[in-house]
Structures are given as C-alpha cells and as structure tokens.
Amino acid sequence: MDEKKLTLDVMDRGAVYCDIRKERWYSTVLNLKDGVPETIIQGEEEGAMTRVLYGNGWGYVGTADMSSLESAMDRAFMMAKNSDPLRKQKTGLAHVDPQHSKVIMPMKEDFRDISPEEKLDFLRDIEGHLKCDFVKSTDIRYRDTLVKKEIITGDGTHVEMEIPRTVTYMIITGKSDTVQMAVHGVGGTGGFEMSRSTYDHVDTVKDMLKNLLKAKSPPSGKLPVVMDPHLTGVFSHEAFGHAAEGDLVASGNSCLKGKIGEKVASDMVTIKDDPTMDGYGTFPFDDEGTKAKNRILVKDGVLNDFILDRENAWKLGMEPNGGARAEDFRVKPLVRMSNTILEPGDMHFEELIEGIDRGIYAKSTSGGQVSPAQGTFQFNAQVAFLIENGEITRPLRNVSFNGFTLETLQKIVGVSKDFETGVGHCGKGQSAPVTDGGANVLISQVTVGGRE
Amino acid sequence: MIEESVKSALGHLARLNLQGDVYGERSQKVTFSIMNGEIADSTEYEDMGLGIRVIKDGRIGFGYCVPGKERECILRAAELSRLSGTSGIILPEEQGICNVKTYDEKVRNALEDGMGSELCGNMIDAAVSTHKDIIPSHGGLFMGSGTRVIGNTNGIFLSQDFTAIAGGIAASIPGERTSLVASESKCSRRMDMDFEHLGTLAGDKVLSMKSKSENPSDKLPVVMTPHAMGMLLWFGLIPSFNGENVRKGKSVYQGRIDEKVAGENISIVDDPTRDWGMGSFPFDDEGVAASPIPLISQGYLRHYFYDLKEAASSDTISTGNGTRGSFKTPPQIGDRNIIITGKNHPVQQLTEGKVILVDGVMGAHTSSPASGDFSVVANPAWLVEDGVKLGRLDGLMLSGNLPGSLETMVLGDDYEKLYDTIGSMSIRMELPSIRLTDITHSG
C-alpha cells in the first residue's frame, strides 16, 4: 500500500492535515525472582494510528490490521468531518519544515544478538551481587524493546526511525520491625550495554535498604529539605515539567499559563527537557515527525519555553519543539516530557547542609504526583536522613513532601555541582520512558508529612 | 473470530504434544476527550490478540501474537520454556461455571451508534450550567465492548462478552495564579449512568472549594470518599492478601490466618460473581471458575488469594485470581472485585462533629505495599462540621497505616464502583465512604 498516496488523497478531500504512524515492536521481558526465572516473554506486534484534522475536528483511528489501513484512514476522515461542526474553538497546526530522514539509533551491544539464556545469566549474576544478610528477597526485572516507526504526513514529512531501549530494575526486600523495600532502575536508549552498568548501582540499592531497615518515621511540619540528584530529577519532572506541557498550558490547566518571560524560580534554577541528550527518553523525531529539540524551560529562574506539539504550538503562537509522544500505535500522541534535567550549580554538598539546624536530606524516590492546574505536588523519598546542626544523623522512612510548585521553586537556595540521572516511566494516561536528573538541591522550606 | 483463533492455537498445541492454555481477547474501544469546555477529539481502536502459555516438562514459556501466527508463537514459547524453573502448575479441568452479568447490549449499541459524543456533551453542559465561572477543563468518556476467551489442553473452552462505560470530568474555576479543580468520575458495565448528573456533581464540588479554611492543628477524624479510600487500599492494603507476598514474607498478614486483624464488623471479600461488578467475570484469566473469596470475615483473616502458579508454589489451590492486563502479559495474581462490607452507617453520620473530608489523595502509589504505611496529600479536602463544608483545605498531608486502620474504621452506606488501570493491573472495587480516626495530618 502506498501510504503517501493515502495521505494525499485525504488532503485532496479537504482535510487540513492527516498522518499515518506505523509501528512494529519487538520486546523481551525477563523477571528473575529470588533466583528463579518467573517471567520470560518474547513478542512482536505491529499496527498503525491514523489522524485526520478536518476544519477544527479531529478523528483518530488505530488498527492492528495493516491491511485495513485505508479503511482506518477513511473512518478517521469521517470522524473528523463529523466533529468539525461541533467544535466552537478553532484549532490548527504550527508549521514545521517537512522532514525526510531515516535514523537508526545505535546499539553498541545489539540485544537481539544476545540469547535469553545469556540475559538470564546476567540477571543471575546481578542477583549474586545483591544477596547479603539483610536482603531477604530479590526481584530483578529486565526489558528490552525495539520499535521501528514510520511517520507519513499529509504535508510532506516522511521519517523512519529505530529506537532501542533497555532497562533493568533491582527490587530488594528486607525485614526489621516491618518489611522494607528498595528499588533502583538502570537503563537508557541503546543496546544491552545500558544494562551492563547495572553493576555500578548494586551498592546504591543495598545502601538504601540497609538504611530503611533501621529508619524511623520522620518529623512532620515545615522544614528545610536537601534533595539528592534523583529526587531533584523527579521534582523537576513532577512539580515543574508537567505544568510546562503545552496541552495543559493551552487548555488553561497549568499554573504556568501566560508566564513566559516571568520569574518563576530562584536565579539558581535552570531546567531543560532534552530528547536529544543520552537518556531513557531520547528520540530523533517525535510522533508527529517533528525533529526533536532541546527545550530550555527555565533559564536562570525565568520561564523560557514549553514542551510543544504542533497543535498546541499553534494555539500558543509558539514554535513546535518535538513534544508529541505516543505509548504505541493504539493511542494518539500527547505532549510528553523526555529527559528532564535541573542543571547543576557550583556549590559543594557540605555547603548545602552546613547551615541547617533541623532538616531532612531526602534520597531517591518512590514516586510522585502533581496537579498542574492547582500548581501543587506530592512526592516521596525512598529513604531520608535527619539533618541536625549541619550534620546528617539518623535515617528516616516514609518521608513525603508537598507544596506549591511556584512557591517551592522560589525557595531553592542552593544547587550543588554534582549531577546524576535516573530512569522511570511517566504516566499521563499512557506510559512514556523518561530520564530525570539534576544536582543536590536545598529548598529552604517544604511541608513534610510524617507520623511524629 | 477470536474463538476460532483460540481453537486453532489449541489444535497446534495438541499436534505438537504440548500442554498449555490460550487466552484470546477482541475488543473495540471509543474514547472522547474533553479539553477546555468541549470535545476535543475522539479515538477508535479495535484490538485483537492471543497470549499463549506453553508448559513443557513443568516449565512455562509465554508468547503473544496476532491471529494467524499461532504456530510460530507456540514454538517460540516452547523454546523459552526450557529457561524457566519447574513450576508444578496444574491447568484446570472442566468445572461448573456460574452466570455473571457482564454484557449490556445497550452499551454495545451506543458504541456502534456513536452516542458517546452526545453523552459527553451532556456532561459538559451540566457542569457549565452549575455556575458561569466554571470551565470543564478536561475529562472524557470511554465505551468498550469485547469478548474474552480462555481454552486449555485439559478441555476447557470458555468465552464471555463484556461491556464497559466510564465518564469523568474536571470542573475548574480559573484564578489569578492557579485554578481550583474538582473532578468526578463513574463507571459501569451497563448503560445506567447519568452523565448530566456527573457534570453537575463536578460543578458543585468545585464551587464548594471557593472558600478556604485553615488547616486544623487539632487531630480530627478523617472521612474518605470511596474514590480516595479505594486508591489507598489498593496500593497499601490489598497487596498483603496476595499469596506470593505472603509466602515471601512481604505481607503483614503472613502466618495470621484466623487472627483478628480488623474491627469485628469489618469484612473484605473479593467477589467476581457479583452481577455487573467492574471486575466480575464467571471465570478468571486462567479458566478457573469464579467464586467469592472472603479475605477478612467479621474482623478475622480468612484467606489469601492465588493464581495457578502461586497455588502450586504455596501448595494450595487457585482462588480464581489469575489476571492479565492484556493478551500480551502472562497471568499474574490480582484482586478481581474487592468489596468492603460491615455495619453501614448513613453517610451523613460519618461527618457529624468536626471532621476532615477527603475526596482524593495525591501519591497513593507511594504507599508501602509491604507495611501499609502511607503519607499522601489530601486533594481535594474540606473542613466539615456536622455535614456542612466550612472550606477547602490546601496542602494537608495525611499519614497512617492501613492494616492498623481496619481496627477502627467506620463504614458509610454510599457504595460506589471504582475502576482504574495501573500499568498492567486494574483497580476494581466497590466501597462506601469510610471514617478513620488514627490518621496524622500536617501541613
């Protein structure tokens, strides 16, 4: 089937825009629980999503039956045409130069050349390094995926790309007065070499569990908090990044609406979302075929840009920057983050904690949540430590923070020169692989939830 | 057609002299997205696929494919099986299967007739009509219909149709710096939802947030609505009944069968046989007949739940809790239709005196599945006195322990069905509002 002709035919019928996103996925999933292979899956699938904009109406139809692509496109056209008269608000797409390119993202060690046996042996070896007297249970989860995408648009773009991703999660459990669990993920866009570095993180997850097993509940109230680079990354993603997503801004669901050029954070804060840097959320073109660009969202405390697909760039009168991502061919692209980073500063870690009489040093995270419209956030540290008189003293667990994003960004009073990143999956109705990262950051006051 | 594909796969398994089961699913879904006061777009997707589990010498291999690729998938799964450990899994044989209502022709017709747009519009109009300042900022409507089929080499071949409909709307009042937002959502397997009412509820809720109260410094009882409580329980309590967590010491309930673990009025049952339950089905995703599983009865711990594989590891039988996120994932242990029952009080009684009313929590997923400890943000929440909302509470953090809370919780009578998906797992519950007295609040 000639997909280019299919898109041109739909444009000839009066569509403002249309595209076809074809995807073929290959994946291997391995799960080693307490040394026993629990899950071993290999699979492949393909499908396509068609989109049509007619007037101001959108229609999206996806199919796993590639022989029915023409009828899917026709159905999307009819849905868009029928919805046009119902729309009160105008919409459109910002211009992008048509792209013609094929990008195969490299794998130093192609995971297709490594047998499931070898991958399992690797997990068993990791397990051997994790085992010790306080680790009662291990759960190691490995996944590699290769997606081959082809995007053909009615306005002339035709891009192809192959994106390999690999991730390994180490989950270990121990028991003291209660059962405690520590989790750490390692991965990126690339081949099996991404997982080889899992060894470098074994001590990190073991240290977390060791501290959790002797940790106590935290104090509650408003306290100064030092976030480690992993937690800083999650803070940047959850508290700020979601509010900078163009669809939320354009629809009035973000506390950052209308604030471009305004001071939204302390001078020490520069945050970027960069799909072109090495990370788990890296891609060459977004799922509309727009070339990926580094977005400097906040520059020295001033709001500088949003993450934008073509429609929301049109609505906001801005330039698209490759912000459209879809989980797979079953769903439409949404505005999503990629690799979100709070840039390091020039302080030493010791300088951050030396002036704190009573505060918290929070490490890594077990997740977070945000309300971009209300500008509020909540996130948890995996493990934390009490800071007393400028020194780190005892470990804490079940440490949770919340606050107003814009107030909290203004309360950042120290950023260290250290820099680390972590991997994760962002949920916004669809899952997207992302990297978050940054430096150690001192916030002068945050609300901490605890049972003491 | 999906039935034919499952039969074809079973035929291949027989010819290859392999044991196994085949799960097939065909579904059609339509979603409408609400953005900024109107329907922004609609999406249709029709999905179909098979998940094939091959058991060779007691070892399990799994693969998934589209219809027509059954043989290749089986051979790949058989090849992978040699890498797994010996499981001792025993596939079910023919059993008595109860009748459970899961399919409503009216939902199917509404889906095919394109009624979603009108229903979604009703929801938007109702929210807007509650007050001129209100914008239905986001939300949507979902309608789905499909067929699930499970067959195995022991002769089981089961098929059942299902439907589902869900709607949700967030009403917002834009402010100078930030907006007030409140949302309302409901789900059903039947065409019995009032979408206009949903829009009105969301509008009224956000209006009740306009006045603000100071966060209380005294310890007050906390009343959780079904939505707020459901999320906390699913992340912080339900994993403790999972047989694998029990066997591996990751459950607070390990070794405590027949111990008193909750107030004497409290019972928790996983009941997939309840007509129209969001997780109801006459058989599980491994073909085991459904039956109600009492987890806690009158305050006493009675059962854990198991799928086939964990039942073999724990030397017991499956409780019919083999669940799959889709045809792409092998069965795993999961709850199916959790219901909390007990002495129910009129919901108005729960808010007598001064209480904190919580309609949603941020960060429920950060609760500890092993200990049940949680520390979340209440959002939205109100200070309430004798049933009257005095004002919204901002940034209130709630901390506590869910297994501990079972001792003192008081149940309302306003049961709601809940449905949500978290990765490859689903939250499917029926709960009333619940009053808790042992929650620490700060902020």
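Within every chain, numbering begins at 1; the chains are lettered A, B, ... in the order of the sequence lines, protein sequences first and strands thereafter. The basis for the numbers below is simple: all heavy atoms, side chains too, and nothing from hydrogens, waters or symmetry mates.
Chain B forms more heavy-atom pairs under 4.5 Å with one residue of A/Gly59, A/Gly252, A/Gly368 than with any other, namely A/Gly368. Considering only heavy-atom pairs separated by less than 4.5 Å from chain A, the leading option among B/Pro330, B/Ser172, B/Cys65 is B/Pro330. For the set A/Pro372, A/Pro37, A/Ser27, A/Gly403, the entry with the most heavy-atom pairs within less than 4.5 Å of chain B is A/Pro37. Here A/Gln89 is the residue among A/Gln89, A/Glu38, A/Lys222 with the most heavy-atom pairs under 4.5 Å with chain B. Interface check for chain B: of the options A/Glu46, A/Met49, A/Lys88, the most heavy-atom pairs under 4.5 Å are formed by A/Lys88. Listed options B/His138, B/His365, B/Met35, B/Glu244 were ranked by heavy-atom pairs under 4.5 angstrom with chain A; first place goes to B/His365. Ranked by heavy-atom pairs under 4.5 Å with chain B, the first of A/Gly375, A/Pro116, A/Ser371 is A/Pro116. Listed options B/Gly37, B/Ala370, B/Gly49, B/Gly363 were ranked by heavy-atom pairs under 4.5 angstrom with chain A; first place goes to B/Gly363. Chain A forms the most heavy-atom pairs under 4.5 Å with one residue out of B/Lys309, B/Lys29, B/Met48, and that residue is B/Lys309. Across A/Leu30, A/Leu86, A/Thr447, A/Val36, the residue that shares the most heavy-atom pairs under 4.5 angstrom with chain B is A/Thr447. Ranked by heavy-atom pairs shorter than 4.5 Å toward chain A, the options B/Arg76, B/Glu79, B/Glu46 are led by B/Arg76.
Neither the backbone nor the side chain of B/Arg59 comes within contact range of chain A; no heavy atoms are under 4.5 Å apart. Contacts between B/Leu83 and chain A at a heavy-atom distance below 4.5 Å involve backbone atoms as well as side-chain atoms. Interface residue A/Ile41: backbone and side-chain heavy atoms are both found under 4.5 Å from chain B. With a threshold of 4.5 angstrom between heavy atoms, B/Lys69 does not approach chain A through any atom at all. Looking at A/Ser83, neither its backbone nor its side chain comes within 4.5 Å of chain B, counting heavy atoms on both sides. Heavy atoms closer than 4.5 Å to chain B are found nowhere in A/Arg51, neither backbone nor side chain. For B/Val66, no part lies near chain A; criterion is any non-hydrogen pair under 4.5 Å. For B/Ser33, the part lying under 4.5 angstrom from a heavy atom of chain A is the side chain only. In this structure, the portion of A/Ala250 lying under 4.5 Å from any heavy atom of chain B is its backbone and not its side chain. Residue A/Asn402 touches chain B through both its backbone and its side chain, counting heavy-atom pairs closer than 4.5 Å. Only the side chain of B/Ser117 has a heavy atom closer than 4.5 Å to any heavy atom of chain A.
Classified by interplanar angle (parallel below 30°, tilted 30° to 60°, perpendicular above 60°), the ring pair A/Tyr54/A/Phe77 is perpendicular. Note: A/Tyr169 and A/His425 have tilted aromatic rings, judged against thresholds of 30 and 60 degrees for the angle between ring planes.
For the ring-ring contact (aromatic ring centres under 6.0 Å, His included) test, no residue two or more places apart in sequence or in another chain qualifies with B/Phe142. Checked against ring-ring contact (aromatic ring centres under 6.0 Å, His included), A/Phe379 has the following partners two or more places apart in sequence or in another chain: A/Phe235, A/Phe377, A/Phe401.
Between the side chains of B/Ser375 and B/Ser399, at least one donor N or O lies within less than 3.5 Å of an accepting N or O. No side-chain N or O of A/Thr63 forms a donor-acceptor pair with one of A/Asp65 less than 3.5 Å apart. There is no side-chain donor-acceptor pair under 3.5 Å between A/Asn56 and A/Thr91. Under the 3.5 Å distance criterion, with hydrogens and angles disregarded, no donor-acceptor pair is assigned to the side chains of B/Ser27 and B/Asp47. Between the side chains of B/Ser371 and A/Gln180, not a single donor N or O lies within less than 3.5 Å of an accepting N or O.
Checked by atom type and distance alone, the side chain of A/Arg143 never pairs as donor or acceptor with a backbone atom of A/Thr28 at under 3.5 Å.
In this structure the side chain of A/Val61 never reaches within 4.5 angstrom of the side chain of A/Met73, judged on heavy atoms.
A distance of 8.0 Å separates CG of A/Leu213 from CZ of A/Arg397, quoted to the nearest 0.5 Å.
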Report task. Verify salt bridge (Lys or Arg N to Asp or Glu O under 4.0 Å) between A/Arg24 and A/Glu45, making sure each step is shown before the conclusion. Result -> CA-CA 6 Å; A/Arg24 180 176 275 274; A/Glu45 58 176 350; over 6 Å; no

